[in-house]
**Student:** 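Here's a structure for you.
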Amino acid sequence: RFSEPAPMVSPSIPLALRASESTMPLLAMLFFIVPVIEMVVLIEVGSAIGSLPTIALVFLTAVLGVALLRQQGAATLLRAMRRMDHGALPAREMLEGVVLAVGGALLLTPGFVTDALGFACLFPLTRRFFLQRLLSRVQLRSERAARGPGQSGTIHIIEGEIDERP
């Protein structure tokens, strides 16, 4: 019996790439909780050091973050170009670029909590940690999708040849 390909959500999006039902409520919750946390932290910092120094710190972290993003982005691009020169696919560097972009977006979002997460995406050690976690989740999901719904255990691949006789 031949196994069927992974089910599709739409013709261009495989099931393995679709956000799971448990991910959407988590994202919705984050969109409400993170701004509240940012406001609380900004108010606390503002009451401790004053409003103008707090605003200056927010701008300073954004400027420092953009400078670090440029440096790390250029280094990642250089590594990707070197890998391509050697005929290798720069898959890891491409994923690092995605993490760098997320970090840059977090740094441009006003607030200290998002800045901390953004800086974590920019530092190579923590960026590699995020990448390893992301890759392990993607690999696990793709294995589940390859098995199909309700199937468990090892994936069995049956090799064969097609004989096209009239």
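Positions are given from 1 along the sequence.
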**Student:** Looking at every heavy atom in both G103 and C121, which two are closest together, and how far apart are they?
**Tutor:** CA-CB, 3.5 Å
**Student:** Calculate, to the nearest 0.5 Å, the distance between atoms CG and CZ belonging to L125 and F129 respectively.
**Tutor:** 9.5 Å
**Student:** Tell me the closest heavy-atom pair linking E38 and P110, and the distance in Å.
**Tutor:** CD-O, 4.2 Å
**Student:** What's the shortest heavy-atom distance between G111 and T114, and which atoms?
**Tutor:** O-OG1, 3.5 Å
**Student:** Do any N or O atoms from the side chain of T109 and from the backbone of A105 form a donor-acceptor pair under 3.5 angstrom?
**Tutor:** yes
**Student:** Should we count CZ of R79 as having more than 12 external heavy atoms under 6.0 Å?
**Tutor:** yes
**Student:** List the steps and the verdict of side chain to side chain contact (heavy atoms under 4.5 Å, CB included) for E93 and L77.
**Tutor:** CA-CA 7 Å; E93 288 77 12; L77 181 62; over 6 Å; no
**Student:** State, with a plain yes or no, whether a side-chain heavy atom of F119 is found less than 4.5 Å away from one of L64.
**Tutor:** yes
**Student:** Going hydrophobic residue to hydrophobic residue with side-chain gaps under 4.5 angstrom, can you get from L107 over to L60?
**Tutor:** yes
**Student:** I need the single residue from L100, L122, V63 that forms a side chain to side chain contact (heavy atoms under 4.5 Å, CB included) with L68. Which is it?
**Tutor:** L122
**Student:** Output yes when a side-chain donor or acceptor of T76 lies under 3.5 Å from a complementary backbone atom of E96, and no otherwise.
**Tutor:** no
**Student:** State yes or no: do V99 and L89 share one hydrophobic cluster built from I, L, V, M, F, W and Y residues joined by side-chain heavy-atom distances below 4.5 Å, directly or via other members?
**Tutor:** no
**Student:** Between F130 and V102, does a side chain to side chain contact (heavy atoms under 4.5 Å, CB included) hold up when you go through it step by step?
**Tutor:** CA-CA 11 Å; F130 290 148; V102 168; over 6 Å; no
**Student:** Determine, using the 4.5 Å side-chain heavy-atom cutoff (strictly less than), whether L52 and V45 are members of one ILVMFWY cluster.
**Tutor:** no
**Student:** When rounded to the nearest 0.5 angstrom, what is the spacing between CD1 in I55 and CG in L42?
**Tutor:** 9.0 Å
**Student:** Should D115 and L106 be marked as a side chain to side chain contact (heavy atoms under 4.5 Å, CB included) after you check the CA-CA gap, both sets of side-chain angles, and the distance that decides it?
**Tutor:** CA-CA 6 Å; D115 286 348; L106 288 170; over 6 Å; no
**Student:** Quick one: does any side-chain atom of Q72 pair with a main-chain N or O of F123 as donor and acceptor, under 3.5 Å?
**Tutor:** no
**Student:** Applying side chain to side chain contact (heavy atoms under 4.5 Å, CB included), run through V58 and F112 and close with a yes or a no.
**Tutor:** CA-CA 7 Å; V58 168; F112 296 117; 3.9 Å; yes
**Student:** Say whether M94 and L78 are linked into one hydrophobic cluster, either directly or through other cluster members, by side-chain heavy-atom distances under 4.5 angstrom.
**Tutor:** no
**Student:** Does L57 belong to the same Ile/Leu/Val/Met/Phe/Trp/Tyr cluster as I37, with side-chain heavy atoms less than 4.5 Å apart forming each link?
**Tutor:** yes
**Student:** Kindly give the heavy-atom pair with the smallest separation between G104 and L69, and that separation in Å.
**Tutor:** CA-CD2, 3.8 Å
**Student:** Would you say R83's side chain and A88's backbone share a donor-acceptor pair under 3.5 angstrom?
**Tutor:** no
